[in-house]
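To keep things clear, I will list the structure first and then write my remarks on it.
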Amino acid sequence: MNPLSLQHNHLHLESADLVAIASTYSTPCYVYSHAALTQAFQDFDKALRGRNHLICYAMKANPNLAILNLFARLGAGFDIVSGGELQRVLAAGGDPGKVVFSGVGKTVEEIRLALDNGILCFNVESEAELLRLNEIAGTMNRIAPISLRVNPDVDANTHPYISTGLKGNKFGVAHEDALRLYRLAASLPHLKIKGIDCHIGSQLTETHPFADALDRVLTLVDALEADGIVLEHLDLGGGLGIRYQDETPPLIADYIDTLLAKLQGRTHTILLEPGRALVGNAGLLLTRVEYLKHGAEKNFAIVDAAMNDLMRPALYDAYHDIVPVVPRDDPKDIYEIVGPVCESGDFLGHARLLGLQQDDLLAILSAGAYGMSMSSNYNSRARAAEVMVNGRESFLIRERESTTDLFSLEHTLP
Ligand code: LLP
């Protein structure tokens with residue numbers, strides 16, 4: 001669903017006027033749509049109806065407690081990659097029994113925390129991790145539930161920084177090592193094999209890499225079963241892309257149908273780890289024009305959000321649509337939309353045709369995923385506020401940081 005509409009020449013998210021949101025909460029400010037978040041989750045859930053399944057929200061995309069709590073209430077589990085993320089799940093009222101723990105560098109403390117809280121499964125990414133997990137579980141008198149993250153060596157055709165399923169990536173265990181490592185896991189006394197896991201990358205806009213990866217995983221599942229190793233679940237990872245500009249990613253239902261078609265006759269519980277597809281298009285970053293500057297070669301709109309608030313353009317050259325909150329009839333110019341940070345890489349959009357005046361509000365769209373979660377305090381900039389709208393109502397779900405928050409952990413020398 002698209003929660004955005006123009007009403008009385010003001011951009012609205014659901015029925016909330018973004019001019020009013022900016023005056024209540026100030027800018028820069030992330031704003032999320034409750035309805036769009038709910039709808040995206042339900043699209044996954046409905047498409048999987050009739051199968052045992054668990055949608056484990058990849059919370060790195062946006063770990064705000066209100067968002068976690070909303071998904072938990074809808075029945076979600078969570079894909080975590082750190083002890084900090086597990087603590088957030090607990091603080092948000094999520095069920096640790098529905099948590100899968102991915103990541104190549106789980107520390108001893110993180111493993112202990114996860115075992116103490118009885119998570120559903122560790123997605124193990126190396127032989128060394130398997131051994132460490134067995135040892136720690138032994139000292140705690142626990143059995144660690146595991147699956148191996150296999151690297152299917154499939155090209156996800158996405159940005160190299162967010163492609164994870166190729167042989168050269170640091171993620172998972174090689175397909176050809178998987179059988180040996182499963183046998184090793186089966187021989188270790190403090191591990192219980194629960195499933196198999198695979199995640200090939202992010203912002204995938206085609207279905208076939210998912211299908212190819214699943215074929216590779218199923219070959220292994222069959223080999224394991226022939227070996228007497230029976231799996232309860234298949235975790236097919238996340239990675240479904242969204243539309244930022246003119247991409248045409250598959251619909252959630254079509255993507256899932258493609259997977260389910262390959263799973264006929266199999267009774268495994270299906271786990272998915274979507275992040276971006278659940279939150280990306282449910283959020284925007286609201287910002288105000290501080291200055292217009294007509295340079296020798298380019299026009300600049302200097303806004304109050306910057307690369308520290310949304311680093312995707314600087315880091316991946318990612319495109320985010322930028323639209324006026326109150327469209328004007330004035331003549332348009334081509335603008336570089338930039339922030340106040342002292343780097344030439346601090347841009348939010350290049351060459352955008354907009355009719356602008358100082359103090360205008362802009363909405364940077366598709367910013368719900370990997371926006372706030374990748375933000376920083378670079379240039380001693382306090383992080384933005386976060387707001388959730390539901391119909392006409394709005395709720396502050398993260399306060400704007402204060403400048404003193406930024407150095408509250410620092411000490412001058414005695
Ligand atoms: N599962 C695992 C093991 C992952 O590493 C990821 C994302 C996901 C699931 C969720 O993927 P999604 O459904 O969101 O595509 N910062 C980048 C994206 C990094 C993705 C990292 N892993 C960006 O802004 O595009």
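Quick note: numbers below take in every heavy atom, side chains included, and nothing from hydrogens, waters or symmetry partners. Because the structure is predicted, anything quoted here is derived from the model rather than measured. Just follow the structure's listing: the first ligand is 1, and inside any ligand the first atom is 1.
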Between Lys60, Arg312, Arg149, Gln203, flag the one that comes closest to atom 6 (C) of ligand 1 by a heavy atom.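 Closest candidate by heavy-atom distance is Lys60.
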
Checking heavy-atom distances from atom 2 (C) of ligand 1 to each of Arg276, Glu273, Met374, Met311, the winner is Glu273

At less than 4.0 angstrom from any non-hydrogen atom of [X], what atoms of ligand 1 do you find?
X	answer
Pro274	13 (O)
Tyr316	16 (N), 17 (C), 23 (C), 24 (O), 25 (O)
Ser202	11 (O), 12 (P), 14 (O), 15 (O), 18 (C), 20 (C)
Asp79	1 (N), 2 (C), 9 (C)
Gly275	12 (P), 13 (O), 14 (O)
Gly238	9 (C), 13 (O)

Would you check if the side chain of Asn281 reaches a backbone N or O of Gly283 as a donor-acceptor pair within less than 3.5 Å?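 Pair absent, no side-chain N/O of Asn281 close to backbone of Gly283.
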
For the pair Asp346 (side chain) and Met307 (backbone), establish whether a donor and an acceptor sit closer than 3.5 Å, ignoring hydrogens and angles.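 A pair under 3.5 Å: yes.
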
Using the benzene-type ring in the case of Trp, are the ring centres of Phe210 and Tyr255 under 6.0 Å apart?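 Yes; Tyr255 has its ring centre under 6.0 Å from that of Phe210.
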
What do we get for [X] next to ligand 1 when only non-hydrogen atoms under 4.0 Å count, side chain, backbone, both or neither?
X	value
Phe171	neither
Ala58	side chain
Leu315	neither

Ile55 vs Phe71, test: side chain to side chain contact (heavy atoms under 4.5 Å, CB included). Steps then yes/no. CA-CA 9 Å; Ile55 299 157; Phe71 287 143; over 6 Å; no

Around atom OH of Tyr291, are there more than 12 heavy atoms of other residues, nucleotides or ligands at under 6.0 Å? no

Option among Ile196, Leu220, Ile193, Val221 that satisfies the side-chain contact (heavy atoms from CB on, under 4.5 Å) test with Ile229: Ile193

Parallel, tilted or perpendicular for His10 and His12, by the 30°/60° rule?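 Geometry flag for His12 against His10: tilted rings.
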
Heavy atom of Gly239, distance to ligand 1 below 4.0 Å: yes

Does ligand 1 have an atom under 4.0 Å from some heavy atom of Ala369? no

Under the salt bridge (Lys or Arg N to Asp or Glu O under 4.0 Å) test, residues paired with Glu336 that sit two or more places apart: none

Please lay out, stage by stage, how Tyr319 and Tyr244 fare under the test ring pair (Phe, Tyr, Trp, His ring centres under 6.0 Å). CA-CA 7 Å; Tyr319 180 96; Tyr244 286 98; 8.4 Å; no

